Number of protein chains: 2
Amino acid sequence: MLDEIDRRILDILAANARVSLKELAQEAGLSSPSAADRLRKLEERGVLDGFTIALNPMKLGYPLQAVIRVRPMPGMLHIVERLIQDTPEIVECDKVTGDDCFIAKLFVRDMAQLDTILDRIAEKAQTNTSIVKSTPVKRRLPPLL
Amino acid sequence: MLDEIDRRILDILAANARVSLKELAQEAGLSSPSAADRLRKLEERGVLDGFTIALNPMKLGYPLQAVIRVRPMPGMLHIVERLIQDTPEIVECDKVTGDDCFIAKLFVRDMAQLDTILDRIAEKAQTNTSIVKSTPVKRRLPPLL
DNA sequence: ATTCGTCGGTCAATCTCGTCCAGCATCACG
DNA sequence: CGTGATGCTGGACGAGATTGACCGACGAAT
């Protein structure tokens, strides 16, 4: 699926998606047209889904992170899903199997704001909240086959 | 903290971190030296923590995603933390308050692989696994103040 | 009120980089 | 063999980044 050079390219970009093609090319051991071509093909194939940024929540005024598990009351599933999507402090959410229907991560300014958000959800679902104390594994790439 | 233009710049980069400075500048309504300057300052301040890529797990041969909650047995906390960090299929993990000590997300090729990974963890911790069925909120930026 | 310093910005010149093109090596196949 | 597809390189040219000189708005001190 991916050869050694593709993996190399993805690793380099994961560390810094804004490297110039020239630098990317030399680190991957090819010329820049080839590197550009590889890059284009990875995007076309959909393997590489996009280029984005990582922010520092602290520096943005979000010193608190939490993970909430959400179990909607009967009949409320779609309403709760909509509510989650419409809560901008929720930065990611998965719908999962098991008793808890959703698992979401959110950034907040303080406990009061967390409380406000949870109150709003609690009208339509049971929630279970965990405060993030640290992040032993920061977002990283899975092994590339 | 951040003014309107900074927010604009971050939004643009979140959508495509590889835009040229020229394009970034015009979309943000300034000249390219100014845009470069803003960008440099955002990095220096640490607000902008880096540029990275988004991959498509499917296309990489990881059709299955799971979220696991991990409660180490007494005395095993550090060993379990190490184990999690050394499991490359785990792409992110938070240490949280509450009964569950860790919440981790992982990408796997199939159920067999998930089982293997869980077996290894289960020697040292209680685990609770949820399979991801869909992702109502894909990774996004929190509101920028 | 004037002056001075600073901050954030523009413009223009230069230097770097990306992209396009032509051409070459390798390989699978009739 | 000859042919076509694939993946690469090097060079040329146009687009983009960077740098330095300059400009105007704003605040503080004289």
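Please read all numbers here as calculations on a predicted model, not as lab measurements. Here is the naming used below: chain letters follow the sequence lines, and residue numbers restart at 1 for every chain.
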*Whole Å only: how far is the CG atom of L30(B) from the C1' atom of dG16(D)?*
16 Å
*Do you know the tightest heavy-atom contact between Y62(B) and P143(A)?*
OH-O, 2.5 Å
*Where along residues 4-14 of chain A does a heavy atom come under 4.0 Å from DNA chain C, residue by residue in number order?*
none
*Between T135(B) and C93(A), which heavy-atom pair has the shortest distance, and what is it?*
CG2-O, 3.4 Å
*What is the distance from CG of D37(B) to P of dG8(C), rounded to the nearest Å?*
8 Å
*In plain terms, say whether R7(B) and E4(B) are close enough for a salt bridge, that is, a side-chain N and a carboxylate O under 4.0 Å apart.*
yes
*Reading nucleotides 21-26 of chain D 5' to 3', which nucleotides get B (base under 4.0 Å from a protein heavy atom), which S (sugar-phosphate only), which -?*
------
*Heavy-atom contacts under 4.0 Å between residues 38-56 of chain A and DNA chain D, which residues?*
R38(A), K41(A)
*Mind checking what makes salt bridge (Lys or Arg N to Asp or Glu O under 4.0 Å) contact with R109(A), not counting sequence neighbours?*
none
*Got a sec, which pairs hit side chain to side chain donor-acceptor pair (under 3.5 Å) with one end in residues 64-83 of chain B, sequence neighbours left out?*
R69(B)-D100(B)
*Is there a donor-acceptor pair closer than 3.5 Å between any side-chain N or O of T97(A) and the backbone N or O of S130(B)?*
no
*asked:* Keeping D3(A) on the side-chain end and I5(A) on the backbone end, is there a donor-acceptor pair under 3.5 Å?
replied: yes
*So, D86(A) and R120(A), do they make that salt bridge, N to O below 4.0 Å?*
no
*Indicate the atoms forming the closest heavy-atom contact of K59(B) with G46(A), along with that distance.*
CG-O, 3.8 Å
Strictly under 3.5 Å: I want the nitrogen or oxygen pairs between protein and nucleotides 17-19 of chain D, one per line.
| from | atom 1 | to | atom 2 | distance (Å) |
| --- | --- | --- | --- | --- |
| dA17(D) | OP1 | L21(B) | N | 2.7 |
| dA17(D) | OP2 | L21(B) | N | 3.3 |
| dA17(D) | OP2 | K22(B) | N | 2.8 |

*asked:* I'd like to know if V137(A) and L118(B) are part of one continuous hydrophobic network [Ile/Leu/Val/Met/Phe/Trp/Tyr, side-chain heavy atoms within less than 4.5 Å].
replied: yes
*Minimum heavy-atom distance Q113(A)-E89(A), with the two atoms named*: NE2-OE2, 3.1 Å
*Do the charged groups of R8(A) and D11(A) touch, with an N to O distance under 4.0 Å?*
no
